[in-house]
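Note that the structure is predicted; figures quoted are calculated from it, not measured. A, B, ... follow the sequence lines: proteins, then strands. Residue 1 opens every chain.
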Amino acid sequence: MNVLSSQHRLPPLAAGVILLLLLAIGALRFDHFLTPANLSNLPADYAFVTIAAVGATFVILSGGIDLSVGSLVAFTAVLAAHLIAAGWHPLAAAGVCLLIGTTLGAAMGGLIVAFDLPPFMVTLAGMFGLRAAAFLVRDQSVGVSHPFLAALARDGVLRLPGGFEAPPRSTLMLAVLLAGWALAARTRFGRGVYALGGHERSARMMGVPIGFTKVRVYALAGACSTLAGIVLMFDTRSGNPAAGAGLELAVIASVVVGGTLLSGGVGSVLGTLIGVLILGAIRMLIDFEGTLSAAWTSIATGVLLLTFVALQRALIVWAGWRAQAAAASGTWTRRVEV
Amino acid sequence: MPSPLRDAANPQTPPTPPTDRLPAAPALTADGLEVAFPGVRALDRAGLELLPGEIHALMGENGAGKSTLIKVLSGLLRPDHGRVRVGGRAVTLHGLADAEHAGISTVFQEIDLIPTMSVADNLILGREPTRAGWIRARASRLRARAALARVGLDLDPAIGLAQLPIAVRQLVAIARALDIRARILILDEPTSALSPRETDGLFHLLRRLRREGVAVLMVTHALAQAYEIADRITVLRNGAHVGTWLTPDLPRLALIQAMTGHAQPASPAAAPPAPTAPRPDSTSAPPALEVRALGRRRAVRPTDFSLRRGESLGIAGLLGSGRSELVRLLFGADRPDTGRVFTHGRPVAPGSVPAAIEAGMAMTPEDRRAQGLMLDLSVRDNILLALHARRGLTRPLRPRERDRLVRHYIDSLRIRTPDAETPVGSLSGGNQQKVLLARWLALQPTVLILDEPTRGIDVGARAEIESLIASLRDRGLAVVLVSSELDEIARLCTRALVLRDRARVGECTGTACTESALLAMIAGDSPPAAGARP
């Protein structure tokens with residue numbers, strides 16, 4: 001039961017409006033902006049970011065933070081490329097990496113729970129450690145070629161009506177989004193994550209298994225980052241130990257712009273998709289502009305991020321006023337049947 | 001959700017005291033409970049009996065063991081000894097889940113549920129009906145609606161909890177507690193954040209639950225509420241069971257004596273000598289402290305008093321009577337809704353501690369370890385803290401002056417410490433209190449507010465602190481003393497105010513301020529049974 005009050009619905013709604021606005025600006029300024037090919041590229045280019053952001057959404061919903069996203073992406077991409085170069089089938093390599101990545105995430109969650117450590121510090125250590133591990137596997141980019149990858153790129157593309165195309169990574173992204181939404185909204189685990197981020201002490205008193213839920217959240221984030229790394233590797237046909245630097249911050253920005261409170265408890269997976277697409281649309285607009293420096297992407301992202309955080313704060317304050325007003329007028333007490 | 005125990009045949013019958021329809025098997029019995037923490041016996045042979053269909057008040061002063069007992073009954077704490085029986089069967093409670101399984105549900109004080117989630121989410125969190133692991137949305141909505149209906153709340157379950165006032169959240173918490181078909185409902189100070197009207201609403205609900213056969217245990221500090229709603233009252237003191245009474249059989253005075261352990265002195269002659277008559281400095285000068293209609297909603301009703309130099313005013317009352325709230329308002333630690341404070345005829349800006357200090361006030365708080373002292377800092381740093389803060393960066397104290405001050409206060413207050421560099425946390429309670437006093441005396445205040453200055457201090461040190469307070473008063477300070485030790489107020493104060501249920505109910509002066517007079521005013525004159533039962 002995912003019923004949220006208007007206070008919680010507004011930020012993702014605002015994000016959706018901004019996305020449409022950005023697309024409208026692009027359509028007015030550039031003739032080739034709203035073509036099916038271009039619109040198909042937007043999700044495809046950001047598939048790996050979105051997949052990683054789904055995991056990060058759970059972490060942030062639970063009141064935590066994950067800084068190891070970029071390093072884990074690089075580590076698993078290099079490891080998978082290394083294994084394929086050594087003769088493994090790409091799916092087998094992906095499976096092994098997924099297992100390792102999930103375990104690493106669970107291990108970070110376990111440390112956070114067992115020693116009551118701040119997630120910021122544990123995942124920061126993970127960020128350094130896994131980046132180093134990526135360079136230990138291969139100190140430079142590994143190119144891969146495998147008949148399976150060629151076949152996937154050739155035959156895996158879904159052709160949709162209207163000239164839209166969905167490469168395998170877009171399809172996988174959609175599947176991850178759906179699974180993430182169902183997990184958050186329709187399972188006890190998901191509701192526990194929201195409760196944990198909303199008020200950890202209350203959640204404990206209400207019987208939510210705090211430790212177990214946290215470990216599962218970080219394991220899920222590890223799995224999503226790994227999946228993102230594999231998508232990146234399959235797409236670029238190479239595993240680069242330097243890949244994904246700063247990705248964790250782009251992911252956090254997308255999650256927050258998508259309406260998830262950084263303090264936890266409020267947000268949604270769908271919002272995160274909108275958040276990623278907004279950042280992607282800004283990038284695309286500035287690329288189309290041609291003369292603008294790429295630095296403007298970061299500037300626009302920063303401004304947007306600040307606007308959204310301010311909007312969320314304003315809504316929280318507003319809701320507090322309304323509750324006080326309701327208490328003062330006695331609207332609610334009269335409802336008590338005597 | 002009809003209860004099997006509801007008296008369906010005759011719902012109009014007013015509820016009879018449970019003991020009249022004996023033999024009703026107790027819903028819960030606990031006896032011989034012992035819980036020890038390092039250095040403290042939190043429960044020492046505590047016991048309790050709850051009958052189905054009764055409202056039972058659990059009362060006692062701070063540190064009596066009420067919270068510990070509740071934690072044991074809800075599975076959060078395991079007792080070292082003793083046992084709990086539910087419905088006649090011995091149970092071992094290893095956690096909240098065990099207690100819920102046994103039919104015991106607890107609503108803890110100031111637990112806000114999850115403010116970021118909807119009412120429905122809060123009601124069914126962790127108990128969502130599922131099929132193959134997926135939550136069934138329709139069944140969840142129905143279950144949430146049923147839980148709300150049980151407490152008579154007509155509310156859209158999809159609304160966010162944060163949008164509801166505290167009183168409604170409290171009802172939601174009770175709805176959640178009852179949702180597991182609880183036969184025993186424990187409420188920890190459920191009315192502490194409620195207005196009188198909201199409290200009435202809650203009591204109506206509790207009476208209905210009583211008719212349905214639920215055993216309700218309610219921790220409360222409000223005497224009036226206990227007499228209004230409770231069928232029986234159990235009193236704990238120092239972790240031990242003092243007694244359980246039918247409410248009409250227990251006069252207020254007897255209840256307060258049971259809670260505080262103060263016996264009424266056998267004869268007036270046994271009362272300690274009262275202090276000499278007040279010695280006002282000069283009747284023409286404005287009073288050192290004047291308080292007009294100072295009050296704050298849900299904390300304390302508007303109260304007036306004034307105090308001259310060389311006087312000491314005691315503030316007496318039970319825990320929750322508003323005594324600490326009043327002095328917090330006085331010192332600006334909380335913002336008053338109404339009223340003004342004047343020192344020496346000049347108004348003090350309300351709700352500002354710096355303004356109060358500037359006006360010559362000083363206060364030692366009730367919880368000196370958490371709110372007063374920096375335990376890891378040295379005696380010297382703790383003494384100099386307020387003075388440094390007042391002088392700021394621009395007028396630092398010279399090192400020689402600092403040493404002189406620290407030595408002066410260690411000597412004159414007889415602070416027993418190996419040296420000035422010892423961390424305050426390693427000193428005894430009495431010496432910690434003296435360090436705190438020294439800090440404020442260094443500012444040379446004219447009004448000294450002391451909230452429970454002798455709490456947790458052994459007898460010898462207590463006498464020393466008391467004589468220190470008396471000599472400060474005699475040297476011309478105006479002293480406001482809050483204490484739950486009535487003999488202390490009787491000994492030290494030239495006048496005393498008595499608070500009950502957050503309002504001033506009495507006053508005495510000089511030799512009239514005896515322990516028994518104070519006790520009588522705290523208890524009130526009204527007979528306890530009057531208007532107590534519906």
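The backbone N or O of B:Gly126 lies less than 3.5 Å from no partner atom in the side chain of A:Arg191, so there is not a single donor-acceptor pair. When atom types are taken as modelled, the side chain of A:Arg186 and the backbone of B:Ile135 share a donor-acceptor pair closer than 3.5 angstrom.
Taking the side chain as every heavy atom from C-beta outward, A:Met206 and B:Asn122 approach each other to under 4.5 Å. Contact of the A:His199 side chain with the B:Leu113 side chain is not registered, since no non-hydrogen atoms from C-beta on lie closer than 4.5 Å.
The choice from B:Leu96, B:Val119, B:Thr130 that makes the most heavy-atom pairs within less than 4.5 Å of chain A is B:Leu96.
Contact record, B:Trp134 with A:Leu183: CZ3-N, 4.3 Å, taken as the closest heavy-atom pair.
Within a 6.0 Å radius of CZ in B:Arg301, no more than 12 heavy atoms belonging to other residues, nucleotides or ligands are found. Atom NE2 of B:His94 sits in a crowded spot, with more than 12 heavy atoms from other residues, nucleotides or ligands closer than 6.0 Å.
Rounded to the nearest 0.5 Å, atoms OH (A:Tyr194) and CD1 (B:Ile114) are 13.5 Å apart. Residue B:Phe108 holds its CZ atom at 10.0 Å from CZ of A:Arg201, rounded to the nearest 0.5 Å. Between the CG atom in B:Leu76 and the CZ atom in A:Arg204 there is a gap of 10.5 Å [rounded to 0.5 Å].
With a threshold of 4.5 angstrom between heavy atoms, B:Leu125 approaches chain A through its backbone and through its side chain. Residue B:Arg176 touches chain A through its side chain alone, counting heavy-atom pairs closer than 4.5 Å.
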